[in-house]
Amino acid sequence: MNSPLKNDLYIRALLRQPTERTPIWVMRQAGRYLPEYRQIRTEAGSFMNLCTNPELACEVTMQPLRRFPLDAAILFSDILTIPDAMGLGLYFAEGEGPKFNKVINSIADIKQLKRPDPSVSLAYVMDAVALIHKTLNGDVPLIGFSGSPWTLATYMVEGGSSKTFSKIKNMIYSEPHTAHLLLDKLADAVIDYLNAQIESGAQAVQIFDTWGGVLAPDMFKEFSLHYLEKIVAGLHRSYNGSTIPVVLFCKACNSHLEAVADTGCDGLGVDWTITLSEARARVGDRVALQGNLDPVIMLTNPETIETQVKATLASFGKGHGHVFNLGHGITPEVDPLHMTILTEGVRQHSPAWHID
């Protein structure tokens, strides 16, 4: 299944092997800041139509690679495909973000959730992965991904996005056994989902714990970290002769860096609220680091972007094991020219940090 990689910098960096420069990809690199994405999104009629059509998902995945010298592609999909496949009915309300036709309100609701078969209810994702893998033809690796159990659970219990997370937090404090039942089911589903992506052609996987940072420290360990550990332990770490790196990205989780690094993952995504130098000092050589330019910098100007690229590279310092990325997703208002400045800046200025 795996095509030999012509550019394996991203894989080598995650495995903390020597690289001649720092690889770069950007979270949400296929998205609304690109006019060609906006055009195809309009033609598709809805975001879900775009996600569930393998040919369109492949086209959108490839769009940024045609413009920018990126070192990895990431599957175009959504983190909420698993709850949708469990029968909750995902849809996107204009201006309101994701919503579900059914919301988890009780332990009875959780017991009724079905464990998705990725080859059936998520076959459109696997078809997209296989098509993207074939289209890439080994030019760069393909990243598969999933939301973390905790992050998925927040949407399923809240019914969509939330500012307070009051319903899911009430559950973990007053009915912890109910929350654990839900999270355990989700962890099993994520393992199945990511392994199926790997079997379909993904050459690395990333787990997004977008809302781990809203939890108190002990709650994070019990209701998020525990399930991240379970997933990492259950994933294919080698497939078809290739090592499959695993990256964990926990937004606003700086107080847990060491614990997340100890899950057994290969890479640790960090947001912009910590310097790479501090993160590196704390986790040592246990994991590679991914990040962590503040996404707002992409709205400034070419001079500022280049200055901040240099500062981010300097913060990580000499040596290997750094994947350049933003500290979160690129925003829709960004001028595509600024992505050119970013990617070319990393290519120009990073080799000096890899000379022994």
Side-chain angles (χ1 to χ4, degrees), residues 41 44-54 56-57 75-129 144-172 174-197 205-212 214-215 223-224 227-228 230-231 234 251:
R41 164 67 177 80
S46 74
F47 180 75
M48 285 303 292
N49 286 347
L50 203 54
C51 288
T52 56
N53 183 309
L56 294 182
L75 164 70
F76 180 80
S77 187
D78 192 81
I79 64 169
L80 298 178
T81 50
I82 287 177
D84 184 51
M86 285 179 150
L88 296 193
L90 174 65
Y91 68 97
F92 287 82
E94 194 66 34
E96 296 182 36
K99 300 280 188 181
F100 289 110
N101 291 322
K102 298 179 183 177
V103 179
I104 299 299
N105 292 309
S106 67
I107 194 167
D109 294 336
I110 296 169
K111 289 179 177 178
Q112 290 177 359
L113 291 173
K114 53 191 176 184
R115 182 170 176 171
D117 180 343
S119 67
V120 180
S121 55
L122 292 162
Y124 66 91
V125 177
M126 305 314 140
D127 291 344
V129 170
F145 73 91
S146 172
S148 72
W150 167 253
T151 291
L152 298 180
T154 66
Y155 288 98
M156 295 167 75
V157 174
E158 300 288 340
S161 303
S162 176
K163 293 183 179 179
T164 62
F165 301 91
S166 57
K167 292 180 181 178
I168 186 70
K169 284 190 174 184
N170 183 41
M171 179 184 287
I172 65 174
S174 61
E175 298 180 61
H177 61 288
T178 301
H180 281 302
L181 179 63
L182 174 59
L183 291 164
D184 204 50
K185 282 195 170 191
L186 287 169
D188 289 338
V190 170
I191 291 169
D192 292 345
Y193 185 50
L194 290 179
N195 279 339
Q197 289 185 39
V205 292
Q206 177 160 313
I207 302 164
F208 289 87
D209 190 18
T210 310
W211 299 120
V214 306
L215 287 166
F223 293 97
S224 182
Y227 295 99
L228 294 175
K230 177 179 177 177
I231 292 167
K251 187 170 177 282

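Numbering starts at 1 and runs along the sequence shown.
Taking each heavy atom of K114 and A85 in turn, the nearest pair found is CE-O, 3.4 Å. Residues V190 and G147 share a closest heavy-atom pair of CG2-O, 3.7 Å. Of all heavy-atom pairs spanning F165 and S162, the tightest one is N-OG, 2.7 Å.
Rounding to the nearest 0.5 angstrom, the gap separating the CG atom in L152 from the CG atom in D84 is 11.5 Å. The CD1 atom of I104 sits 9.5 Å away from the CD1 atom of I168 when rounded to the nearest 0.5 Å. Atom CE in M156 sits 11.0 Å away from atom CG in L90 (nearest 0.5 Å). With rounding to the nearest 0.5 Å, the separation of CZ in F208 from CD1 in I79 is 8.5 Å. With values rounded to the nearest 0.5 angstrom, N105 atom CG is found 12.0 Å from T178 atom OG1.
The shortest side-chain heavy-atom distance between L182 and L113 falls under the 4.5 Å cut-off. With a 4.5 Å cut-off on side-chain heavy atoms, V205 and S146 do not count as touching. Side-chain contact between M48 and T52 is present, with heavy atoms from C-beta onward closer than 4.5 Å. Y227 places none of its side-chain heavy atoms less than 4.5 Å from the side chain of W150. The side-chain heavy atoms of H177 and I107, taken from C-beta on, include a pair separated by under 4.5 Å. With contacts defined as side-chain heavy-atom distances shorter than 4.5 Å, the pair P116/M86 qualifies. Contact check for K111 versus L181: side-chain heavy atoms found under the 4.5 Å cut-off. W211 is listed as a side-chain neighbour of Y155, based on a closest heavy-atom distance under 4.5 Å.
Checked by atom type, the side-chain pair Y193/T81 shows a donor-acceptor distance below 3.5 Å. Of the N and O atoms on the side chains of T151 and S148, at least one donor lies less than 3.5 Å from an acceptor on the other residue.
Looking at Q197, its side chain does come within 3.5 Å of a backbone N or O of F145 through a donor-acceptor pair. Here the side chain of N101 pairs no donor or acceptor atom with the backbone of L88 at under 3.5 angstrom. A side-chain donor-acceptor contact under 3.5 Å links N49 to the backbone of A44. Distance alone, capped at 3.5 Å, is enough to place a donor-acceptor pair between the E158 side chain and the K167 backbone. Not a single donor-acceptor pair under 3.5 Å links the side chain of D188 to the backbone N or O of K185. The backbone N or O of P149 lies less than 3.5 Å from no partner atom in the side chain of D209, so there is not a single donor-acceptor pair.
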As a quick check of understanding, evaluate side chain to side chain contact (heavy atoms under 4.5 Å, CB included) for L215 and I172, giving each step before the final call. CA-CA 10 Å; L215 287 166; I172 65 174; 3.6 Å; yes

With side chain to side chain contact (heavy atoms under 4.5 Å, CB included) as the test, would you mind laying out the steps for V214 and T164 before giving the verdict? CA-CA 9 Å; V214 306; T164 62; over 6 Å; no

What's the verdict on side chain to side chain contact (heavy atoms under 4.5 Å, CB included) for F223 and H180, showing C-alpha distance, side-chain angles and the deciding distance? CA-CA 7 Å; F223 293 97; H180 281 302; 3.4 Å; yes

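With sequence neighbours excluded, the residues that form a ring-ring contact (aromatic ring centres under 6.0 Å, His included) with F47 are F76, F92. With sequence neighbours excluded, no residue forms a salt bridge (Lys or Arg N to Asp or Glu O under 4.0 Å) with K169.
The pair R115-D192 counts as a salt bridge, with a side-chain nitrogen and a carboxylate oxygen less than 4.0 angstrom apart.
By the 6.0 Å contact criterion, NZ on K102 is open, its count of non-hydrogen atoms from other residues, nucleotides or ligands being 12 or less.
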